[in-house]
Amino acid sequence: MVRTRIAPSPTGQDVHVGSVATALMNFAWAHRNKGQFVVRIEDTDRSRLVPGGEKKMLDTLDRIGLPGDESPKVGGPYAPYRQSERLAVYKKYAEELVKNNKAYYCVCTPERLTKMREEQQAKKQLPKYDRLCLNNQDEVKKKVLAGEKHVVRLKIPDNEEIVVNDLIRGQIKFGTKDIDDQVLLKSDGYPTYHLAVVVDDHLMKITHVIRGEEWLPSTPKHVIIYQSFGWELPVFVHVSLLRNPDKSKLSKRKNPVWTSWYLDEQGIYPEALLNYLALMGWSHPEGKEKFSLDEYVEKFDINDIQTTAPVFDPVKLDWMNGLYIRESQNSNLKTQILEFYKKRKINLDENLVEKTIPLIKERIKKLSGYLPLCEFFFNKPEKYEIDLKSKKDLLKNLGEELEKVKDWKASVIGESMQGLVKKLGVKAGEFFMVVRVAMTGKKISPPLNESMEILGKEECLKRIDQSPRIQ
Ligand code: GLU
């Protein structure tokens with residue numbers, strides 16, 4: 001039975017796109033093997049909690065189609081799935097380690113620890129707990145029994161080599177002399193990440209821990225904790241972090257990293273985002289770029305995850321989304337556009353949007369690209385990209401010519417304008433540029449004749465009259 005998990009900490013306002021990439025692999029590996037994908041909330045670092053972060057994260061995972069089979073939302077056989085509700089469990093296991101001499105109580109004050117660390121730094125030594133309390137455990141235990149504030153520390157074995165077997169990275173060896181006696185249980189009763197993650201992965205019967213490579217340095221500590229309990233290790237897979245096209249780390253200080261930003265601000269489809277992220281560190285066996293989540297689940301194999309750092313390029317993401325837009329039903333695309341703008345308090349005329357869809361479907365890559373291209377259908381231009389004042393005569397002729405058009409259809413409008421070009425003996429390219437700018441304000445727009453048909457005769461004539469030639 002394959003059981004995977006993601007274990008987000010609600011220390012950010014939403015799910016990081018990099019975490020979606022990891023979630024995808026966990027989701028796919030569990031489902032490909034008819035197992036379960038667990039979502040566990042790791043909220044033990046109370047000082048870094050972001051209000052509303054957990055709800056947003058769980059909602060985003062649902063929204064993009066990666067809900068947990070077991071989670072704080074839907075529960076499951078190993079509930080609760082929120083670590084802050086499992087404090088008694090961690091305490092019990094920390095006590096067990098103390099009882100078996102695998103961990104020990106420590107009553108050192110923060111002041112003493114700070115002083116110790118400063119002295120070590122001054123001597124250019126690796127900051128490590130000096131084991132004062134380990135060497136006085138009998139006395140320390142008495143203090144603990146008397147109610148003194150304390151933590152539980154892991155007793156890292158002396159001079160051992162800890163081997164981490166990573167499925168995609170092979171064997172990685174760590175010497176224990178470089179590892180600090182990690183705090184497992186804090187004085188406020190909360191566990192540290194290290195204890196909680198191991199206890200929960202064990203109790204929740206997680207078989208594969210697929211997570212970001214930033215956790216690799218923590219893994220030897222986890223291995224020691226597993227060994228201290230005598231528990232079987234899960235399979236570890238540390239996947240490479242996403243990089244910017246310039247190879248720098250994708251971080252919230254530099255880039256938009258929150259999943260909802262791509263969905264809500266950019267108008268990227270959840271399916272397109274998943275499809276693009278599926279290509280981060282993995283390729284389809286047939287080299288396909290566009291595929292559904294179902295197909296990914298069917299084809300994905302953790303053994304094929306690449307360790308080279310995947311590049312997350314927003315330009316390519318837009319391109320991928322464009323493929324999805326082109327394949328969507330017109331009526332669907334219309335609804336998506338209306339909803340996208342409604343969320344930003346812009347109510348667009350539904351009929352008008354519907355008419356514009358065939359013109360822009362091949363042109364926009366994401367929903368946020370709609371209005372920049374189509375604004376002129378809804379409002380007359382406020383700015384013109386070329387100076388129309390000098391085109392006064394040409395526009396006057398155009399107005400008179402278009403006045404005569406009875407059947408206001410793109411083809412007829414086009415013929416009428418072609419006729420005028422001939423009659424005036426002007427250069428077609430330049431002529432149509434002037435018309436385009438008079439109608440749309442811009443040098444680049446959806447197809448001109450079709451746009452003019454949608455604008456309607458009256459509006460087109462008005463725009464010709466009111467364009468700056470008369471100002
Ligand atoms: N709580 C950790 C995080 O926020 C989870 C790390 C892990 O998957 O073990 O990413």
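Keep in mind it's a predicted model, so treat the numbers as computed, not measured. As the structure lists them, so they are numbered: ligands from 1, and atoms in each ligand from 1.
The shortest separation from a heavy atom of Glu214 to ligand 1 is not under 4.0 Å, leaving the residue out of contact.
Annotation for Ile325 and Lys361: closest pair O-CE, 3.6 Å, computed over non-hydrogen atoms.
Atom 2 (C) of ligand 1 has as its closest protein heavy atom Ala7 O, 3.3 Å. Nearest non-hydrogen protein atom to atom 4 (O) of ligand 1 is Ser9 OG, 3.1 Å. Nearest protein neighbour of atom 8 (O) of ligand 1, counting heavy atoms only, is Arg5 NH1, 2.6 Å. Of the protein's non-hydrogen atoms, Tyr193 OH, 2.7 Å is the one closest to atom 9 (O) of ligand 1. The protein atom (non-hydrogen) at minimum distance from atom 10 (O) of ligand 1 is Trp215 CZ2, 3.4 Å.
Remark: Arg326 fails to qualify as a cation-pi partner of Tyr324 under the 6.0 Å distance and 45° angle criteria applied to the six-membered ring.
Annotation for ligand 1: atoms under 4.0 Å from non-hydrogen atoms of Arg211 are 7 (C), 8 (O), 9 (O). Of all atoms in ligand 1, numbered sequentially from 1 with element shown, those under 4.0 Å from a heavy atom of Val197 are 9 (O). The atoms of ligand 1 that sit less than 4.0 Å from any heavy atom of Glu42 are 1 (N), 2 (C), 5 (C).
Remark: ligand 1 and Pro8 share no N or O pair separated by less than 3.5 Å (distance only, no angle test).
The distance between the ring centers of Tyr93 and Trp231 falls below 6.0 angstrom.
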Notebook entry, point to check: Going through the checks in order, is the salt bridge (charged side-chain N to carboxylate O under 4.0 Å, His left out) test met by Glu286 and Lys299?
Noted result: CA-CA 10 Å; Glu286 288 142 42; Lys299 297 272 154 63; 3.7 Å; yes
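Within a 6.0 Å sphere centred on CD of Gln329, heavy atoms belonging to other residues, nucleotides or ligands number 12 at most.
Inter-residue side-chain proximity for Val2 and Arg32 is flagged as unmet; no heavy-atom pair is nearer than 4.5 Å. Annotation: side chain of Leu273 is not in contact with side chain of Tyr269 (no heavy-atom distance under 4.5 Å).
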